[in-house]
Amino acid sequence: MLSWLRPLRNYRDPLLLVLPVILFMPLPIVVRTTEAYCAYIVLLMAVYWCTEVIPLAITSFLPILLFPTFGIMTSRAVSTQYLKDTNILFLGGLMVAIAIEHWNLHKRIALRALLLVGVKPALLMLGFMSVTAFLSMWISNTATTAMMVPIAKAVLNQLSTTGEDASRMELRYSRSSAHGKEVKSKSTILDMELSDVATASKVTNVQQNKLNVSKVTIGSYDHNENDLIKGLTLCVSYAASIGGTATLTGTGPNLVLKGQMNQIFPNNEDVINFASWFGFAFPNMLITLFFCWLWLQALFLGLNFRRLWGFGIPVSSKEKKAYGVIQEEYKKLGRMSFAEKAVLVLFILLVVLWFTRDPGFVPGWGNVLFDKNGHEYVTDATVVLFIAILMFIVPSQKPNFKPWNQVKGSRKRISGKKQIKKLLDWNTVQHKLPWNVVLLLGGGFALAKGCEVSGLSEWLGHQLLPLQKIPHWAIAIILCVVMAIVTECTSNVATATIFLPILASMATTIRMNPLYAMIPTTLSASFAFMLPVATPPNAIVFSYGHLRVIDMIRAGCFVNILGVASVTLAINTWGYVIFNLNTFPKWANDTQGV
């Protein structure tokens, strides 16, 4: 029926590059105002960002090329938008995260936590979700997912039954009305076996395929193995996305909000900082994570919570073996090295300095020591750069201060032994740092600045005046739903970049606290749970082959609803108090072009 469209697939990229340029061209030709010129550039970049016909970072350079061409801003003025205080905060946070990953501190934390919760089905899922969410607060959600999924797979391999057990289970299932159905195993399960798992486990799966049975016995309760794998891998992916919302540096949209607030409302009194954001977003993250955990249990493991949580049920041999896998992985890490301890100390110091710089309810050290004449000299970016620079200075091995060992040390140097490395070196940072996201943030700030200078933001704000008749809480819900839908198909950073300046204009026009619209929208930009392409964690778990798109849609649709409901609750309760959302702040009147 649509066979005539197939030849166009070969021309997808050229068409997506050229068609938007042609389709939107009447706008600058006919209207011929700076607002129209800027709208043309915004629409063009929106299409390129959504379709990723060219890399997101390259699209981010278009304002440097097009704003001067259309006479909106000078090239010098545009270029200064690409490395603002928010970008420095992001860079510093990434450097700290790279140090944590480089010395495997994140893996030690993850395995230790899993040893504490055990391997009962529900508790195992809770352990993976809690650890993933915590790590995702500080390091990349992609790196967190990539680390946690293989650990989950290794545990699942040990929970798999033998072929003999499967035969007995098949007989028992055929006699039981409650469990009387066969489940065919997927061949892709074998493709995902980890190389370090015992070969006996692989033989077991082959035998299961021959019997067309694949089940797992956990805590004297039988489960479809594929459902258990789906549930455990999805819980890792979802927890990575949810956990990143809790901190300002945890995910891109949060930083976009911080940057847009500082740019559009320069006198906002640092209302969005690490402490204030954490106080609002962390409880919201816990609520969303908890109900997501319950939902995935009900969907993939059933509703017998007593058995799933292992109350009054002895530990089975399979569970002991699975627990042994985690123990073995933890033992491989060895004793905690000096480098790990140093990174942990610096990380804790960073968090303490972030929280105490400007906690809000009492004066912080930043206010007391560095604020002069009403000017804020120290920001969260200053703090994280201080810690990052220390990581380039502190050695990765315990320094030898004993004078009687200096001779031994000199002999080692003479023998050609390499110098002791630091906790971080530039080659490691250069290799692992996602420069494309830094450029994407910069391009977003440049685009927002162009909208302000051209007057497009003000024009859009006046078009949205009819919204002032709608209650503010209803506006927030509508925006959350729209953002959650849009972010399923586009980059969450790009989505936030496009929407937030428009929402800031709308809020000031209808005399609504801008944070009432911008905060829930920012959080909703991270609620991408339904499609593999929505976010890198989804793509990682989907690539393992156990999940179908319909599985992700079925599970993710309800998690999206949970997220929107939780954000709505948060913004209308404790968020109302933290950010004084019942008032129209003075700083909202002092804007840059809005």
Side-chain angles (χ1 to χ4, degrees), residues 86 89-98 100-101 106 109-110 128-149 234-259 272 274 276-293 347 350-351 354 380 384 433-434 436-438 440-441 480 483-484 487-488 490-497 500 519-530 534-541 556 559-560 562-564 566-567 570:
T86 305
L89 173 62
F90 183 58
L91 278 171
L94 286 174
M95 289 181 187
V96 174
I98 289 170
I100 293 173
E101 292 179 46
H106 63 320
I109 294 171
F128 272 100
M129 292 186 74
S130 301
V131 170
T132 305
F134 174 76
L135 293 176
S136 188
M137 289 164 57
W138 314 105
I139 66 176
S140 161
N141 56 8
T142 306
T144 304
T145 307
M147 181 197 72
M148 294 301 294
V149 173
L234 275 179
C235 83
V236 171
S237 170
Y238 291 170
S241 297
I242 295 170
T245 63
T247 59
L248 201 56
T249 57
T251 188
N254 299 355
L255 288 165
V256 172
L257 171 64
K258 169 71 172 174
I272 297 292
F274 189 90
S276 65
W277 181 263
F278 188 85
F280 168 76
F282 183 71
N284 175 74
M285 184 271 287
L286 291 180
I287 293 172
T288 308
L289 195 71
F290 175 75
F291 284 102
C292 178
W293 172 54
F347 170 69
L350 170 65
V351 175
W354 263 341
D380 289 334
V384 75
L433 196 69
N436 59 330
V437 183
V438 179
L440 182 57
L441 287 173
C480 286
M483 184 64 81
T487 195
E488 291 290 348
T490 62
S491 161
N492 55 7
V493 177
T495 305
T497 299
L500 289 182
I519 289 178
T521 306
T522 300
L523 287 171
S524 298
S526 296
F527 294 155
F529 304 115
M530 292 175 59
T535 187
N538 290 7
I540 290 173
V541 298
V559 179
N560 271 353
L562 284 176
V564 171
S566 178
V567 169

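To the nearest 0.5 Å, atom CG of residue L289 and atom CD1 of residue I287 are 11.0 Å apart. Atom OG of S140 sits about 10.0 Å away from atom CD1 of I98, to the nearest 0.5 Å. Once rounded to the nearest 0.5 Å, the distance linking CG of L440 with CG of L255 reads 11.5 Å. To the nearest 0.5 angstrom, N560 atom CG is 5.0 Å from E488 atom CD. Separating the CE atom in M483 from the CG atom in L500 is a distance of 6.0 Å, to the nearest 0.5 Å. Rounding to the nearest 0.5 Å places CZ of F347 at 5.0 Å from CD1 of I100.
Looking only at side-chain heavy atoms (C-beta outward), T144 and H106 stay at 4.5 Å or farther from each other. Looking at heavy atoms from C-beta onward, P434 lies in side-chain contact with L94 at the 4.5 angstrom threshold. The side-chain heavy atoms of L523 and F280, taken from C-beta on, include a pair separated by under 4.5 Å. Between I519 and I272 there is a side-chain heavy-atom pair separated by less than 4.5 Å. Proximity of N254 to T249: side-chain heavy atoms (C-beta onward) are nowhere separated by under 4.5 Å. Residues C480 and T521 are not in side-chain contact: their nearest non-hydrogen atoms beyond the backbone lie 4.5 Å or more apart. In this structure the side chain of L433 reaches within 4.5 angstrom of the side chain of L91, judged on heavy atoms. Considering only heavy atoms from C-beta on, F90 comes within 4.5 Å of V438 through its side chain.
The two residues W277 and T522 make their nearest non-hydrogen contact at CH2-CG2, 4.4 Å. Summarising the geometry of A133 relative to M285, their closest heavy-atom pair is CB-SD, 4.3 Å, with the distance given to 0.1 Å. Looking at every heavy atom in both residues, T132 comes nearest to M148 through OG1-CG, 3.5 Å. The two atoms that bring M129 and C292 nearest to each other are CE-SG, 3.7 Å, heavy atoms only. Listed here is the closest heavy atom pair of T487 and A525: OG1-O, 2.8 Å. Residues A110 and L135 approach most closely at CB-CD1, 4.1 Å, considering heavy atoms.
Classification of the W354-F274 ring pair by plane angle, with boundaries at 30° and 60°, yields parallel. The aromatic rings of F282 and F278 sit parallel to each other, their planes meeting at less than 30°, with 60° as the upper class boundary.
There is a side-chain donor-acceptor pair under 3.5 Å between S237 and N538.
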Could you please spell out the steps behind the side-chain contact (heavy atoms from CB on, under 4.5 Å) verdict for V559 and F527? CA-CA 8 Å; V559 179; F527 294 155; over 6 Å; no
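For F291, the CZ atom is loosely surrounded, since the number of other residues' heavy atoms within 6.0 Å does not exceed 12.
Put simply, the side chain of Y238 gets close to the backbone of G556: a donor and an acceptor are under 3.5 Å apart. A donor-acceptor pair is defined here as one N or O able to donate and one able to accept, closer than 3.5 Å; such a pair exists between the side chain of T245 and the backbone of I242. Panel note: side chain T288, backbone N284; a donor-acceptor pair is recorded below 3.5 Å.
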